[in-house]
Amino acid sequence: MDLDFEAPLLEVEERINELEKLGKGSDIKFRSEITELKRKAKSISKKIYKNLTPWQTVQVARHKDRPLINNYIKNICSNFIELHGDRCYGDDQGIIGGFATIGNRQVMLIGHQKGNSVEENLKCNFGMANPEGYRKALRLMRLAERYKLPIVSLIDTPGAYPGLEAEERGQAEAIARNLAEMSQIATPIIIVITGEGGSGGAIGIGVGDAIIMLENAVYSVISPEGCASILWRDGAKAPLAAENLKITSDELLKLKVIDEIIPEPAGGAHRERDETMIAVKQTLVKYIDRLKRTSTSKLVNKRYEKFAALGRFGKKKR
Amino acid sequence: MDLDFEAPLLEVEERINELEKLGKGSDIKFRSEITELKRKAKSISKKIYKNLTPWQTVQVARHKDRPLINNYIKNICSNFIELHGDRCYGDDQGIIGGFATIGNRQVMLIGHQKGNSVEENLKCNFGMANPEGYRKALRLMRLAERYKLPIVSLIDTPGAYPGLEAEERGQAEAIARNLAEMSQIATPIIIVITGEGGSGGAIGIGVGDAIIMLENAVYSVISPEGCASILWRDGAKAPLAAENLKITSDELLKLKVIDEIIPEPAGGAHRERDETMIAVKQTLVKYIDRLKRTSTSKLVNKRYEKFAALGRFGKKKR
Amino acid sequence: MAWFKKSQKSESKEKSELWNICPSCKAHVYKEEWIAGLKVCPKCNYHDRLNYQERLDLILDNGTFKEINSEISTNDPINFVDAKGSYAEKAKAAKKKTGMNEAVVTGCGNINDIPVVVAVMDFRFMGGSLGSGTGEKILLAAEYALRNKRPYIIFSASGGARMHEGIISLMQMAKTCAAIARLNKAGVPYISVLTHPTTGGVSASFATIGDINISEPGALIGFAGRRVIEETIKQKLPKDFQTAEYLLEHGFLDKIVARKDMKEFFTQFLPYAMKTPKRRR
Amino acid sequence: MAWFKKSQKSESKEKSELWNICPSCKAHVYKEEWIAGLKVCPKCNYHDRLNYQERLDLILDNGTFKEINSEISTNDPINFVDAKGSYAEKAKAAKKKTGMNEAVVTGCGNINDIPVVVAVMDFRFMGGSLGSGTGEKILLAAEYALRNKRPYIIFSASGGARMHEGIISLMQMAKTCAAIARLNKAGVPYISVLTHPTTGGVSASFATIGDINISEPGALIGFAGRRVIEETIKQKLPKDFQTAEYLLEHGFLDKIVARKDMKEFFTQFLPYAMKTPKRRR
Ligand SMILES: [Zn+2]
Ligand SMILES: [Zn+2]
């Protein structure tokens, strides 16, 4: 899946690849051209990425090479111990979780899993969790509370799975329960929207003390396609809907829905994966250390006030 | 289902019935004979019921006319509001529950439901609950705790249902979870074994501050039939197993597993249903009032000590 | 029955003056009878939508309702415009049509002398969608219930989050649930009544986490829309899918209460819930 | 393969001196190899039962185990006698055979220098059945863990409640779970390791309510017996029914850990659980 707006960049990158292959034996021959091309690539990618439209950002947020939870676990966590099951019905792989160590800080890590291959995609349903996934997440968060571990939640989902069995087993209740419980869990909760923040499926593990977002992630009440097909009666109007819905990190920061944006390297997280993940790690460490300094009762109160203030536009009257 | 050991009694009762039918028009004719027969019936039933063997007691405890939870709800409760569902998978009718008022005391009533007709038997699986039943019971008990209502749990089950789906959805976990949670629920819990106290399926809603038992109820770690087929390799040895297992109320009182026996009228609860239910009501009222006087933290501690002491035969070493 | 359908069509206009046509079974019922029957179809028991005033009349003692936070209205945090125009215009039209400021009315009142706090959603106002004003009113009413230790009852009726407010509408799910969680913690009763229809973001927030969840017969309750699910799983859904009866069977409702019995139900239920909070008059 | 089976049979006696026959796949494995492989079949990965001493050796640092409450033994609260004789005799024989006083050994020790409290059930002692002495030891070890704020690990292996002790054995389910609930409340870690087999009353009490539940590959875990279920539902059960893998899939296990990795697993895991309790040496 290539991004069409990346075409000029991809062209240059391809040429660089070619030259590097050719030049394997004789470095000097192509060196200056490669250097020049790389400089050019950088400049193009900066230009493209500085001016992404919201709809282009959606494409970047969904890019198949974007770091996924598995990549974060592998690259910025040590001692990850995956924990399974909701103790009630099953083990959903659309949301995974377990103990993890991030820069010497022990945490409970949870997050949507999209999968890095077709096989994995199917196993975890492209990150569209069933109620079991949300219930497992809640179980793990309660365990984190018992063990006094901060919770890190990585959000990357098109949405909760709209399936028959998901309804049957209470998709709505599972998400609602999490929203209520997460507002009261007595340990720091840090949310990072790493890719797609898809509606109820996203916020179902998205209530916390710090809400952080990667620069090219998106977070929306409805997919642009869904919004377009309802309000424009034409799914193809998705770019327009994306524009209007204000789903990009800069907009969400203005709306105070998020606390911080983690900048992505020019060219996007899918191009500079390691760099991106290190930035995420550094931000997580910063917030873990910061939030640990607050007493849990104060933390829970502040968390309440944080969400209570969202969408409060008049003067307070309480 | 007639009980064979009741044969002499049933014979007299039948004769009384006949005479009463015949005598409809002319009371005087049969009156003295009826009076005499009734006296005889009473004397016979006293004799039979004074000397029930454990296996006969099992038959009485399982008698189809024995008062069931539905009868208790109808006869000793007012304002019963049944509550449904485990908020996870389904609504099991093998265990039911809801708000109830017993002698002006508001409680959360839960209990096994066996059903009064074949249709009902099937609907509630003869009182053999699935995990959903135990999880619903737990949900209702937590609600009772929130509303500061005492919990009354009526036990009458052959056991938890041994089905494929029950295993699949965690019958073991559901019972275990209840055992742990019930030990900590901060509101009085009163258990009454009204009929069959069948093993894990019984104790799954059987942890409380007061454990009360109807005189002819039984409570056992395994059904006499099951025990006989394992330890005697012959299910027909059930009467012998019943004898050896010590499952009758007098034995259980000696073992301090129960706190009080509610005497049944001569002839058993199935013969004097109203009288039996009133006795249960009076005992419940007594314990509700008594337990309410204890602070909940003290209550929970005493509950712990109560169960910790069961099967502690040496000197304490803690 | 072709002849009947035909005549139905031609006569429908004049008939509509006198008759109400049941949205479910299409039976013709005298308007007077329809209203007297609380908008419940005498033929098929369909419980038609009520507006907030009808709901309040049905449940509260006459003259006891006192509205709170009535001045809170819609906001347009993302200056949303769609094919049909701006959200600001749409909201203005909704206000004009309904005489409401938002999709929910909140306040306190009595149910057979028992004081309660209520929030009643009204589907007429932009499909009962959950916007920032809706969420704020629901939260403030919860806080009012908490302060006054009164049971809180929400009658939901909603198509879900109000997408015209973008992410802010999504946040109302977390916001309202946080308010409910505080009630839970304090032992203040919260009862959810899911009326027809309660779907999407409202089903996935405060509506499904009542101490007890009750509903009316036949009410549509679900997270995802029927069409979306059918497209996803490539099969037809059962007829009773996402009805109140279906949810009861699957463990998510405590009880289905017919409209005519709703007030009596609360009269029976509330004394059980009122042990912690003091009774005030 | 008839010839093989035949030869297998005739030679089995002399072979049994040198060889171990895998209870699962019937493969012949040199006894030395079998022991060196921790009683795990190199052919089919069957994890054979360990006795308590082997389990302790496997998991604790050498020489760190200190037993507690070793004097607690079986009781005969109902003077039980069955077709084969008295429970008292049976218990005596079990003690003689195993050198144990009860079906569980409890104590404290270290896992790679992290102090823990352990309870190890031994299936050899009356099928690892849960009697009053078993329950008492498990409860006392939990109380010890609570007092000393050390993680509590139970390795279960049991056919269920010990029916020879009648209702008192059933009560051990509630008793042990009450002890676990106290740990939960205090934030003291409790880890359940369900080894082959863990069924009946033990599966329905402490074994399934760990903060985390782990198991070994292929372990049998279930509430009701396979035969009872088949008789009840009148159908054959799937082959993997009630295996650890089945339970993992159905949401009741956190992880399946191979025997050789068990100690390392705890070494990785315990630091996460040790944030509340102080580390003691
Ligand atoms: Zn109709
Ligand atoms: Zn093998």
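Just so we're on the same page: letters track the sequence lines, and every chain starts at 1. Everything numeric here is computed off the predicted structure, so don't read it as measured data.
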Practice task
Answer with side chain, backbone, both or neither: which region of C:Ala207 has an atom nearer than 4.5 Å to a non-hydrogen atom of chain A?
Solution key: neither

Practice task
Pick one of side chain, backbone, both or neither for A:Leu252, based on which atoms fall under 4.5 Å of a heavy atom in chain C.
Solution key: side chain

Problem - Polar side-chain atom of C:Ser192 near backbone of C:Ile214 as donor-acceptor pair, under 3.5 Å - result: no

Exercise for the section: Flag the one option from A:Val207, A:Val257, A:Asp234, A:Ile222 with the top tally of heavy-atom pairs under 4.5 Å to chain C. Expected result: A:Val257

Exercise for the section: Can you tell which part of A:Ser199 gets under 4.5 Å to a heavy atom of chain C, answering side chain, backbone, both or neither? Expected result: both

Practice task
State, without any angle test, whether C:Thr74 and C:Lys95 hold a side-chain donor-acceptor pair at a distance under 3.5 Å.
Solution key: yes

Handout entry: A:Arg135 charged N/C atom sitting above A:Tyr89 aromatic ring, 6.0 Å / 45°
Key = no

Handout entry: Any C:Thr106 side-chain heavy atom under 4.5 Å of C:Leu140 side chain
Key = no

Handout entry: For A:Asn244, the option from C:Val81, C:Asp82, C:Ile78 that meets side chain to side chain contact (heavy atoms under 4.5 Å, CB included)
Key = C:Val81

Handout entry: Exercise: do A:Tyr287 and A:Glu260 side chains pair donor with acceptor under 3.5 Å
Key = yes

Problem - Under 4.5 Å from a heavy atom of chain C, the part of A:Arg303 involved - result: neither

Problem - Interface residue of largest heavy-atom contact number with chain C, from A:Ala241, A:Gly206, A:Ala180, under 4.5 Å - result: A:Ala180

Completion exercise
From the list A:Asp92, A:Asp86, A:Asp91, side-chain hydrogen bond (donor to acceptor under 3.5 Å, both in side chains) partner of A:Lys136 resolves to A:Asp91

Exercise for the section: Report yes or no: do C:Thr198 and C:Ser156 form a side-chain donor-acceptor pair below 3.5 Å? Expected result: yes

Completion exercise
Heaviest contributor of heavy-atom pairs below 4.5 Å to chain C, chosen from A:Leu255, A:Ile247, A:Ile230, A:Val300, is A:Leu255

Practice task
Return the option, out of C:Ser73, C:Ala204, C:Ala224, with the maximum number of heavy-atom pairs under 4.5 Å with chain A.
Solution key: C:Ala204

Practice task
Please determine, among C:Met163, C:Gln235, C:Lys185, C:Gln172, the option with the most heavy-atom pairs under 4.5 Å with chain A.
Solution key: C:Met163

Handout entry: Portion of A:Gln184 that has a non-hydrogen atom of chain C nearer than 4.5 angstrom
Key = side chain

Fill in the blank from the handout: Which of A:Ser223, A:Pro54, A:Cys227 passes side chain to side chain contact (heavy atoms under 4.5 Å, CB included) with A:Leu245? Answer is A:Cys227

Exercise for the section: Please look at C:Tyr144 and chain A and tell me whether the side chain, the backbone, both or neither of the residue comes under 4.5 angstrom of a heavy atom of that chain. Expected result: neither

Completion exercise
Greatest number of non-hydrogen atom pairs under 4.5 angstrom with chain A, of C:Gly251, C:Ser203, C:Ser169, C:Gly160, falls to C:Ser203

Problem - Engaged part of C:Ile168 at the chain A interface, taking heavy atoms whose separation is under 4.5 Å - result: side chain

Handout entry: Contact leader toward chain C among A:Ala160, A:Ser183, A:Ala172, where contacts are heavy-atom pairs under 4.5 Å
Key = A:Ala172

Exercise for the section: Count the heavy-atom pairs under 4.5 Å between each of C:Arg226, C:Gln242, C:Glu230, C:Lys84 and chain A, then report the option with the highest count. Expected result: C:Gln242

Exercise for the section: Using the side-chain hydrogen bond (donor to acceptor under 3.5 Å, both in side chains) rule, take A:Thr294 and A:Lys302 through it: C-alpha gap first, then chi angles, then the decisive distance, then the call. Expected result: CA-CA 10 Å; A:Thr294 313; A:Lys302 282 176 77 172; 5.1 Å; no

